[in-house]
Undergrad: 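Encoded as structure tokens, here's the structure I'll be asking about.
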Amino acid sequence: MKQQVLELVRSALQRLAVEGAFGDAEVLEPQLERARDPSHGDFATNLAMVMAKAARAKPRELAERLVAALPASPLIERVEVAGPGFVNFRLAPGAFLGLIPEILTRGPAFGRSRLGAGKRVQVEFVSANPTGPLHVGHGRGAAYGAVVADLLAAVGFDVHREYYVNDAGRQMDILATSVWLRYLELCGEALTFPSNGYKGDYVWDIAASLHREHGDAYRIDVDAVFAGAPPDAVEGEADGDKEAHIDALIASAKHQLGDNRYRFVFELGLNTILDDIRDDLSQFGVDYQEWYSERSLTESGAVNKAIARLREAGYAYERAGALWFRSTAFGDEKDRVIVRDNGQTTYFASDIAYHMDKLERGFDRVIDVWGADHHGYVPRMKGALSALGDDAGRLDVLLVQFAVLYRGGEKVQMSTRSGEFVTLRELRKEVGRDAARFFYVMRRCEQHMDFDLDLAKSQSADNPVYYVQYAHARVASVLRQAAEKGIVVEPTPGTLNLDRLGEEHERALLRTLSRYPEVVEAAALDEEPHLLTNYLRELATDFHGYYNAHPFLVEDAVLRDARIKLILAVRQVLRNGLGLLGVSAPESM
RNA sequence: GCCCUCGUAGCUCAGUAGGAUAGAGCAGCCGCCUCCUAAGCGGCAGGUCACAGGUUCGAAUCCUGUCGAGGGCACCA
């Protein structure tokens with residue numbers, strides 16, 4: 001609908017250009033916006049004002065000429081110049097007649113488009129370390145990433161959803177060691193658990209299953225395990241180093257258990273947690289095409305290849321025994337280590353290899369959804385891609401601010417290490433998947449989010465998701481009653497009877513329905529799911545207002561048919577929109 | 001100290017690549033169910049868009065500075 005009006009404006013512009021109305025000024029691409037105020041009609045363009053200066057003309061005069069040059073169209077009821085030089089378009093009632101049949105015919109496909117057809121996009125999101133269950137902070141990234149991916153798919157992109165599994169590195173060793181130490185405790189060994197170990201209950205659970213299935217097969221005398229380890233840092237005491245302490249315990253675990261047994265404990269911890277995360281996300285309605293292993297990058301030689309390419313390109317150098325990437329050449333504030341003086345590659349090196357691999361896999365666009373605490377990481381990552389000779393512009397990093405939790409008006413402190421956190425699973429259980437999904441994407445991702453657990457956990461009507469779902473349930477309810485009365489609700493093809501929809505509420509509803517494809521497109525291209533949640537609330541508001549103002553199942557069969565078709569269209573759009581958000585559309589509530 | 005994100009109604013937030021009189025939802029007040037689900041609807045009230053300059057026909061939006069909030073500045077991941 002918008003495109004059709006835009007075409008009219010373009011052709012008017014061409015005519016004016018030929019007439020020389022703009023002098024030697026360049027003709028700009030016209031912008032059409034939805035009028036905010038209904039008295040301004042449906043669409044408006046500010047073109048006359050934007051071009052007035054360059055064309056050395058008065059905005060209103062230019063606007064008048066533009067109006068005069070517009071081709072006649074049955075779509076348009078009225079065009080007028082308003083304010084400082086806006087051109088307002090009011091659509092003819094007939095312009096909306098085709099909308100309802102279009103929605104009902106296309107059904108679930110209404111709002112989808114082929115905009116991104118032929119382009120492959122990868123969306124990588126969540127990618128939390130598998131050292132513990134997902135917590136509510138990950139939930140926001142999960143909901144946001146999933147909706148962005150689904151939106152891009154809706155406008156035609158070929159979308160690849162991926163989770164990067166950090167299954168290598170020190171944190172995983174800390175987890176494995178934590179599991180093993182808990183296991184030793186279950187075996188009856190007395191020990192002081194390291195302050196830097198993972199202390200959550202899930203670690204006990206994994207240790208318990210190890211003990212249950214393998215008895216004492218992994219038991220080692222604790223004195224031997226702790227022998228030679230530097231003192232742990234204990235609360236209130238200055239001496240002691242918790243990092244050195246845990247590292248010594250890791251080394252001891254590897255040594256005492258030997259490669260095979262250590263590996264077994266490591267894998268047990270990793271797989272148990274990864275399975276939990278998979279299951280959790282799946283129940284959250286978040287599914288991936290691929291779970292990409294960090295370890296596989298090392299095993300396939302991709303990390304070494306990336307490092308070699310950086311060397312060849314002249315962006316790697318040695319200093320103090322370590323290998324550095326000259327990220328300052330790309331605007332980073334300092335150079336970064338990629339191979340430590342002990343010969344180990346850093347996490348950053350893996351990440352470079354991973355992103356190199358992403359681009360090699362042929363994605364036209366790569367989107368990373370990261371927590372906002374990683375923002376300092378963006379310049380060096382893009383820098384690395386540039387250094388490798390890749391187009392860093394293909395990488396788009398979306399930073400999601402953390403949700404700050406409040407309980408009883410107090411900020412909730414969270415730490416995976418200490419085991420004090422609210423898990424995503426817990427949240428889902430208490431507020432439900434629908435509310436959690438909707439809530440998480442209601443705000444712009446770069447906006448700090450205050451997540452009031454008490455409010456979210458209470459089954460209160462304050463939650464906007466119920467408002468939207470209720471609109472859907474109401475339509476379903478009306479249709480059930482219609483069926484009971486023997487009213488045929490099968491939509492007839494074409495625009496039959498629809499010209500009876502003349503009420504202000506009906507007009508508003510049609511206008512809102514017609515915006516849906518534009519909203520999906522904007523939400524997808526700008527990666528802003530909240531545009532969709534806002535839209536659905538507006539649509540629900542329009543519907544609830546209509547519902548209260550006019551009965552649908554009236555005696556007048558023609559009018560009744562028209563109204564039923566209208567609310568069928570409303571139901572379809574609510575379904576489509578909620579579906580994109582991963583929220584259910586209930587038949588009754 | 002340097003960098004990033006942000007500051008809009010009592011609270012939580014929108015504000016469509018600068019546009020017309022800044023909007024919702026909660027909370028507050030006043031109304032509406034013998035009638036398709038009151039998880040709803042209608043109305044009232046609520047604002048120096050943090051502050052100060054600048055850019056222009058026009059600024060919540062762009063630029064500069066100040067204040068405030070959160071985050072980041074590892075041979076950790």
Side-chain angles (χ1 to χ4, degrees), chain A residues 31 33-37 39-40 44-46 49-50 52-53 58-59 82-86 88 129 131 166 168-174 243 294 319-324 332-334 336-348 350-351 371-379 399 401-402 404 442-452 455 459-471 473-482 484-485 515 518-519 522-523 526 528 530-531 533-534 537-538 540-541 543-554 563 567 588-589:
Chain A
Q31 298 291 326
E33 64 184 76
R34 287 275 177 178
R36 288 174 211 196
D37 186 334
S39 71
H40 296 144
T45 180
N46 61 358
M49 289 178 291
V50 177
K53 196 168 189 180
K58 289 180 181 169
F86 290 101
N88 293 336
N129 280 350
T131 52
N166 299 125
R170 183 164 169 266
Q171 294 304 321
M172 287 309 302
D173 281 320
I174 295 177
E243 303 294 345
E294 176 189 356
R319 192 177 75 202
L323 188 71
W324 298 69
D332 198 6
E333 48 199 28
K334 56 175 287 191
R336 309 290 171 175
V337 172
I338 45 181
V339 182
R340 288 190 266 164
D341 58 4
N342 64 9
Q344 285 188 333
T345 56
T346 60
Y347 176 85
F348 182 41
S350 296
D351 236 4
D373 55 334
H374 285 73
H375 74 79
Y377 208 73
V378 180
L399 298 172
Q401 292 285 342
F402 284 136
V404 181
M442 240 166 40
R443 280 152 212 173
R444 284 202 346 265
C445 70
E446 64 264 39
Q447 186 82 26
H448 297 124
M449 177 189 269
D450 286 343
F451 204 123
D452 185 335
L455 179 71
Q459 279 281 353
S460 94
D462 301 347
N463 204 325
V465 68
Y466 291 120
Y467 184 79
V468 177
Q469 288 181 317
Y470 184 46
R474 265 187 158 171
V475 176
S477 174
V478 172
L479 295 175
R480 277 194 298 273
Q481 309 228 0
E484 276 169 26
K485 290 182 181 177
R515 274 171 48 211
E518 293 161 35
V519 170
D526 299 340
E528 293 190 331
H530 75 277
L531 295 177
T533 60
N534 287 346
R537 289 165 81 173
E538 280 176 53
T541 298
F543 172 75
H544 287 309
Y546 182 39
Y547 180 96
N548 275 276
H550 302 284
F552 307 144
L553 304 178
V554 292
R563 288 184 172 170
I567 65 172
S588 66
M589 289 173 75

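In what follows, chains carry the letters A, B, and so on, assigned in the order in which the sequence lines appear, proteins first and then strands, with residues in each chain numbered from 1. Only this structure's heavy atoms are used, side chains among them; waters, hydrogens and symmetry mates stay out.
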Undergrad: Using whole Å, what does the distance between atom P of nucleotide A74(B) and atom CZ of F348(A) come to?
TA: 13 Å
Undergrad: Let's see if you can work this out: which of G71(B), C76(B), G19(B) has an atom nearest to the side-chain heavy atoms of R170(A)?
TA: C76(B)
Undergrad: Do you know which two heavy atoms are closest between N129(A) and N166(A), and how far apart they sit?
TA: OD1-OD1, 2.7 Å
Undergrad: Does E528(A) come within less than 4.0 Å of R443(A), counting only side-chain N to carboxylate O?
TA: no
Undergrad: Between E294(A) and E33(A), who's closer to the 5' end of RNA chain B by nearest nucleotide?
TA: E33(A)
Undergrad: Examine the side chains of Q171(A) and T131(A) and answer whether a donor and an acceptor come within less than 3.5 Å of each other.
TA: no
Undergrad: Which comes earlier along RNA chain B counting from the 5' end, the contact point of D373(A) or that of Y546(A), where each point is its nearest nucleotide?
TA: Y546(A)
Undergrad: In whole angstrom, give the distance that lies between atom CG of L531(A) and atom C1' of A17(B).
TA: 13 Å
Undergrad: So, does R340(A) get its side chain near the phosphate of C76(B), meaning an N or O under 4.0 Å from OP1 or OP2?
TA: yes
Undergrad: How far apart are the closest heavy atoms of A473(A) and S588(A), and which atoms are they?
TA: CB-CA, 3.9 Å
Undergrad: Hey, is Y547(A) doing a stacking thing with G40(B), by the 5.5 Å centroid and 30° angle criteria?
TA: no
Undergrad: Should K334(A) be listed as having a side-chain N or O under 4.0 Å from OP1 or OP2 of C75(B)?
TA: yes
Undergrad: Kindly determine whether D351(A) and Y377(A) satisfy side chain to side chain contact (heavy atoms under 4.5 Å, CB included), including the steps that lead there.
TA: CA-CA 11 Å; D351(A) 236 4; Y377(A) 208 73; 3.2 Å; yes
Undergrad: Stacking between A14(B) and H530(A), yes or no? Criterion: centroid separation under 5.5 angstrom, plane angle under 30 degrees.
TA: no
Undergrad: State which of C36(B), C41(B), A77(B) makes the closest approach to the side chain of L553(A).
TA: C36(B)
Undergrad: Do you know which two heavy atoms are closest between D341(A) and A322(A), and how far apart they sit?
TA: N-CB, 4.0 Å
Undergrad: Which atoms form the tightest heavy-atom contact between V468(A) and A540(A), and what is the distance?
TA: CA-CB, 4.0 Å
Undergrad: Distance criterion of 3.5 Å, no angle test: do you see the side chain of N88(A) paired donor-to-acceptor with the base of A20(B)?
TA: yes
Undergrad: Which atom pairs link the protein and nucleotides 5-8 of chain B when you take only N or O atoms and keep those under 3.5 Å?
TA:
unit_1 : atom_1 : unit_2  : atom_2 : d
U5(B)  : O2'    : E446(A) : O      : 3.0

Undergrad: With pairs taken as Watson-Crick or G-U wobble and both distances under 3.5 angstrom, which stems of at least three consecutive pairs involve RNA chain B?
TA: B:1-7 with B:67-73, B:10-13 with B:23-26, B:28-32 with B:40-44, B:50-54 with B:62-66
Undergrad: Tell me: NE2 of H544(A) to P of G25(B), nearest whole Å?
TA: 12 Å
Undergrad: Where do Y347(A) and R170(A) land on the side chain to side chain contact (heavy atoms under 4.5 Å, CB included) test, with the steps shown first?
TA: CA-CA 10 Å; Y347(A) 176 85; R170(A) 183 164 169 266; over 6 Å; no
Undergrad: Could you tell me whether the phosphate oxygens of A77(B), OP1 or OP2, come under 4.0 Å of any side-chain nitrogen or oxygen in H374(A)?
TA: no
Undergrad: Just N and O in the side chain of R474(A): are any of them under 4.0 Å from OP1 or OP2 of A38(B)?
TA: yes
Undergrad: Determine: side-chain N/O of Y467(A) to OP1/OP2 of C41(B), distance under 4.0 Å, yes or no.
TA: yes
Undergrad: Measuring only between side-chain heavy atoms, which start at C-beta, is M589(A) closer than 4.5 Å to Y466(A)?
TA: yes
